[in-house]
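Source: prediction; values computed, not measured. In what follows, chains carry the letters A, B, and so on, assigned in the order in which the sequence lines appear, proteins first and then strands, with residues in each chain numbered from 1.
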Amino acid sequence: MTDGIYTPAGRRVWRRRSRQETLRRFALQLIGLMVVLWAVWGLDVHWPFVLDAPEQVVDLAGRMLPPAWSFTGEIIAPMVETINIATLGTILACLLSIPVALMAAQNTTLNRTTLWIARVIVVTSRSINELVWAIIFAAIFGPGPLAGVVAIGIRSIGFTAKLIAEGIEEIDRGQVEAIEATGANRAKVLAYGILPQIMPTIVGVVTFRWDINIRQSSVIGLVGAGGIGITLNSAMNLFNWPQVTIILIAIFIVVMASEWVSDFLRKQFT
Amino acid sequence: QMTDCDYRGKLAERYCDMNRDMVADLPLDESEWTDPDTLIFSYVPVEDPAIYKETFQPLMEHLEEVTGKDIRFFSAQSYAAQIEALRSGRLHVAGLSTGSTPFGVNIAGFNPFAIMGTDEGEYGYKMQVITPADSDIESIQDLNGKTVAHTEQASNSGNQAPRALLESQFGIVPGEDYEVTYSGGHDRSILGVANGDYAAAPIASSVLDRMAERGAVDLDDIRIIHESQSFPTTSFGHAHNLHPRLALLIQKAFYTFEFEGTSLGKEFSDVDGFLPITYKNNWQVIRTIQEQNEVEYTTDNISG
Amino acid sequence: MLQVDNLTKTYPTGQKALDACSLKVEKSQVVAVIGPSGAGKSSFIRCINRLVEPSEGQIWLDGTEVTALNSDQMAKMRRHMGMIFQEYNLVERLTVMENVLSGRLGFVSFWQAFFRKFPQADIDRAFELLERVGLAGYENNRADALSGGQRQRVGIARALIQEPKILLVDEPTSSLDPKTARTILALIADLARERGLPALINIHDVGLALMFAERVVGLSQGKIVFDGGPEQVDEHILTRIFGEADWRQTIRHAAEDAEALEASRTAETDGAADDDPQTAPPASQHGAAG
Amino acid sequence: MLQVDNLTKTYPTGQKALDACSLKVEKSQVVAVIGPSGAGKSSFIRCINRLVEPSEGQIWLDGTEVTALNSDQMAKMRRHMGMIFQEYNLVERLTVMENVLSGRLGFVSFWQAFFRKFPQADIDRAFELLERVGLAGYENNRADALSGGQRQRVGIARALIQEPKILLVDEPTSSLDPKTARTILALIADLARERGLPALINIHDVGLALMFAERVVGLSQGKIVFDGGPEQVDEHILTRIFGEADWRQTIRHAAEDAEALEASRTAETDGAADDDPQTAPPASQHGAAG
Amino acid sequence: MSAPGDTAQPARGTAGRTWRKPPMIRSPWLRWGLVVLLGAYLVYAIDDVNFDLDRFIAGIPKAIDMAQAMVPPDFSRWQLLLDGILESLQMAIFSTAIGVVLSVPIAVCAARNMVPRPVYLAARGYLGIVRTLPEVLIAIFLVKAFGFGAFAGMLTLTIASTGFVGKLLAEDIEDIDPRQVEAIRATGGSWLKVLLYGVQPQTLPRYIGLCIYRLDINLRESTILGIVGAGGIGATLYNSFGRYEYDFSFAILLSIIAIVLVAEWASGVIRARIT
Ligand SMILES: Nc1ncnc2c1ncn2[C@@H]1O[C@H](COP(=O)(O)OP(=O)(O)OP(=O)(O)O)[C@@H](O)[C@H]1O
Ligand SMILES: Nc1ncnc2c1ncn2[C@@H]1O[C@H](COP(=O)(O)OP(=O)(O)OP(=O)(O)O)[C@@H](O)[C@H]1O
Ligand SMILES: [Mg+2]
Ligand SMILES: [Mg+2]
């Protein structure tokens, strides 16, 4: 033991990081800053536009009001269609993504190969644009709700699996250890040591994905079902802003409902 | 200003149409004229091929040369964004798709003056109604009771035109005599028909030609049962409040541009140059169609 | 029979927690491992069921080399190793009953486990154990709504329901009042004796250790510095293990306690946990909770 | 001075953990709270700094009604209440030093806290406390790489560095060997005496309680069933608190221990932490760890 | 419950007692009602998406055709590809940097266990609104306000990032170990300091994961950048699909996947170091 530690009188300095670490961090921060500066350099702001920007926003916002209440009846059918497809797609994604998530989490994956397989699945699923998935599945299943469900399901795996995997990486080791110590095999450790800990994460992520899927239902539209996304696009392209407003209100209700469901379920599990 | 303007037709309240050419007049007050150092140009491919940014480079260079201004080109993907930007003075020169040109004119003071065409003065594309090759649908009347894929509501040849023309010419009312489903785009309608998923679909001839050329669809899988008259393609125009001298220079630049031997020429192989047009004459057919479909232009009026 | 040869553990931080420890435990021996905080007691028993991977050395249990098993075999092996954790390690979001029953996970199928359909015998045993540790009536409380000592006792019940071949016990009584502590230790010691299992108990309370153990192992700075019967433990030995202090009291009490214990053993261990009304929730309260 | 009036706590599960408890503690009194597991000891001290919101009753500290404070005022008030947790509650991903210094959070600005730029006086004090609890040299270890007892001692140092006006202590020695346990309790008792603070110590080791406390409060099923000096605690009282058992040993030891302690008090508390080499990491190991 | 009397046979009172996990919803009527309702809904919804086996079989060769058109990937226009990637990187880095910083206060306010109810509701309301507004619409507004170009794109991405990171981080904050927070609270640390010492160390790995995830979303984002005319790799991909140049699309996809895998790996390394 170094003597200094036992010298009661001497002033001892304490730093969270050693000088070397501090330097390394500083260097990293500097690089980060430079990268951000490079990005800002690409900004290219036209200042005169910034000056009267509020005026322009008010111009459009004003034309969106009042909402076209009379249009309400016409958005119910597409909304229901959208909800059905998004729900089924999300369920599909949820089922597929849990095994992928387990493989993609560093503390539950079997080995490096499975880790990378899972990562490639996750990244591929989310790197391929929803439109592309929609085209592919429309070719396979024909345009229609089924292609929408599968496209949404496959597309969502990346999101749900990745976020659940990160949740798994953060669990409390001690609780898992205790279950391991009972001689439970992997599957049972999963059911007793891991699942209870990540249940809130799963609920949160899946409900979030559900409402994302509803909002991204232009995909559903593109495979031939008249989802709310298509209705919204049409309203915008026909410059019928009050109709846009009413559709937004409908979407907002769905989003808040998902928020409420998520909150309720997570409370049950936390 | 209100008192100065006693006619504006369908134009939004902020514009005026004293000369009754159906497009917004140059503001009387010279202080409202703009003469920016950098011209902003955008183009939305809807019934035209998707393009990469550099395809338009030769035209931009030519414009810079003739007008002496810097040009910034944006290939955008939403004409709502484009027209709103035009209305806000964020956009000076634009190419608007057939169906959205009337919106641009009425909502945003767009002033279309050119269209791509041949030296012979031919331009435009046709609406075609297609069915699978092995289908028993022979004529428009046979569509009765079938499910037909339209592209999307705002599209001209994919929705507006068939709704207006099939009724007047064949007595078939889309949505009543046959069921309408929206496919989301011309190419999706075409692929759907080729795969036998849709009984029929009205589409833009230009898109079908292009897809066949690229091998995206086999023409043997498809039969054309109806072809309409020609519709104008994308209109090129400028904002109503550009300084008249600048507006003239821009028009001149377009009219003098040679497609031959440029990347643009390669892309639009059957086009030789920009032909002069007027909204009042060349868009007559589109206006009729939209009128029949009861499309509203001036959102100012809707919001009261 | 447990045999540990030259067990060494160096943590990734560079801390050498165990330094060539060797130990041989016969069947049915209750071994108390004592030593100052940080001596390596927890590391030692965690190495035995390989929750902590030993850096060097071998461990044999009943003729199987534990250190040579692959992870599947290790899972099977762990069914027979009951472990009680110093920090309880309950699965916080599960109920008391689920935590206890998780001790049977090695013996039921996955779907039984998943749907909580444990054999009736396990459930009976779980209820019995909960009663013996004084937690009757708490089975549907969630683990995170328990007091410290209650949590500790759930952890104990979980290990005991495994019906293990060896007990690895890390500070089982740290959060328990003296009476419950004795009850619990007696329970563990009796189980070990009845079933003839070796038990390794880390325990900081030297008095209790001397009272219940048949053998005492002293760890200090990762090395075994003492190994012998409780009667051999004297002031000198304790100083060797813990450092200089006044140890007279500790030893004297222990000896007396042990005597008293011997006299009352049969009576106490049977009745111990059951006549424990104050640790069980009063009926009225529990009614409200359920 | 601490005054508790009619404190009642019912958890959302319906469990009534405290039932109309009243208590008055003068300055500089070390009060041991004893009682069986689940009696409500933790709930009691957690109500005092309102980590658990009391269901009924008032709490007064030095003339301020703690139960009437809003959350800002409560944060200010808590600076003066040092709390030691039964399950340590260290912030796992912070280092030992950060955990200890977090006890000073109430006294430094946000930016100081953010950049870990604590006043030198605090750092000196932190080093001193770490030494006194026997953890010199561990300051840069992460909390989750410590042994149970080490974690507990970090928690103790964190509370002591607050220089509080009252100490709320929940099982401070549950994971400590007898020697360290005595050292730590002596440290707490001395601090209370020196600074004239009241200290409430939940402790399950009745022997230790009787040795160090000036007053003993017995809790059972959420009610205060005894309140008096350690000398008053007899077999009868213990039975009232814990239930039937053989208490003779416990009391006798305590009395003897207390005597022995009295004799060696000054010597022990001064030298206590410094001659504690076996709990400090050997230099070579620490070198590797840093 | 055992009385001191029945000590003789400890197991007597317990033998044969059944045990079931207490259900989440107490009332059996409500519980089974919900189950039935959910089941009925699923049957209805699944019925809605009728699966056509013949169409599926016919579709397989079409998909294979498409796949064949994709290989081999065509990297000959690497210049276009690289331009797109750099352009996207620039916008993604800026908007992620601002977005993730802004989302921290939003997330804290949207965590049930950190703030009073009104603040919580307000923050959740904000998150709800941001998530309601389609990115397309935000982009249109911003193009109208600031003109075409990267600036409008970056602002849109920034706003979308706050909604995304804010929501997920908020839920992570709700899931932290309350005991560690409690300890810091007990030292009398103000609310901010409790955040700093009790919450931040626990949520940092998740936060870093989310930041990097959002960076790669922003990198791939095509809708917004397409609308604001800012190009980027997303627009290049979109155009290549629009032109049926599937081999080029595939090359772009492979590049994006490679970049995202690198980001994923970096995220893993950083998180592993601090967990
Ligand atoms: N968060 C909670 N929710 C519900 N019930 C609780 C909660 N915390 C404690 N209890 C219950 O309240 C009672 C008193 O708990 P408390 O933690 O105060 O006991 P204790 O005297 O500290 O016990 P120990 O010595 O075991 O720590 C126990 O029966 C316990 O189950
Ligand atoms: N995960 C870890 N990483 C690094 N070092 C560790 C880890 N766990 C324990 N240590 C160190 O190893 C040494 C032995 O720890 P161990 O937990 O075995 O002690 P112990 O005898 O159980 O002490 P206590 O009685 O305090 O629980 C200690 O110095 C501790 O700091
Ligand atoms: Mg230990
Ligand atoms: Mg307690």
E:Glu87 vs E:Ile233 side-chain heavy atoms within contact, under 4.5 Å:
no
Does any part of the side chain of E:Gln202, heavy atoms only, come nearer than 4.5 Å to the side chain of E:Ile173, both counted from C-beta?
no
Checking [X] against chain E: side chain, backbone, both or neither under 4.5 Å from a heavy atom?
X: D:Glu92; value: both
X: D:Met83; value: side chain
X: D:Phe85; value: side chain
X: D:Arg104; value: neither
X: D:Arg50; value: neither

Would you say the side-chain atoms of E:Gln180 pair up with the backbone N or O of E:Gly198, donor to acceptor, closer than 3.5 Å?
no
Per-residue contact mode, E:Leu192 against chain D (heavy atom under 4.5 angstrom)
both
Is any NZ, NE, NH1 or NH2 atom of the basic residue among D:Asp72 and D:Lys76 found under 4.0 Å from an Asp or Glu carboxylate oxygen of the other?
no
Any ion pair linking D:Glu163 and D:Arg125 (charged N to carboxylate O, less than 4.0 Å)?
yes
When heavy-atom pairs shorter than 4.5 Å are enumerated against chain E, which of D:Ser71, D:Ala113, D:Gly155 gives the highest number?
D:Ala113
E:Met114 versus E:Trp191, closest heavy-atom pair with distance:
O-NE1, 2.8 Å
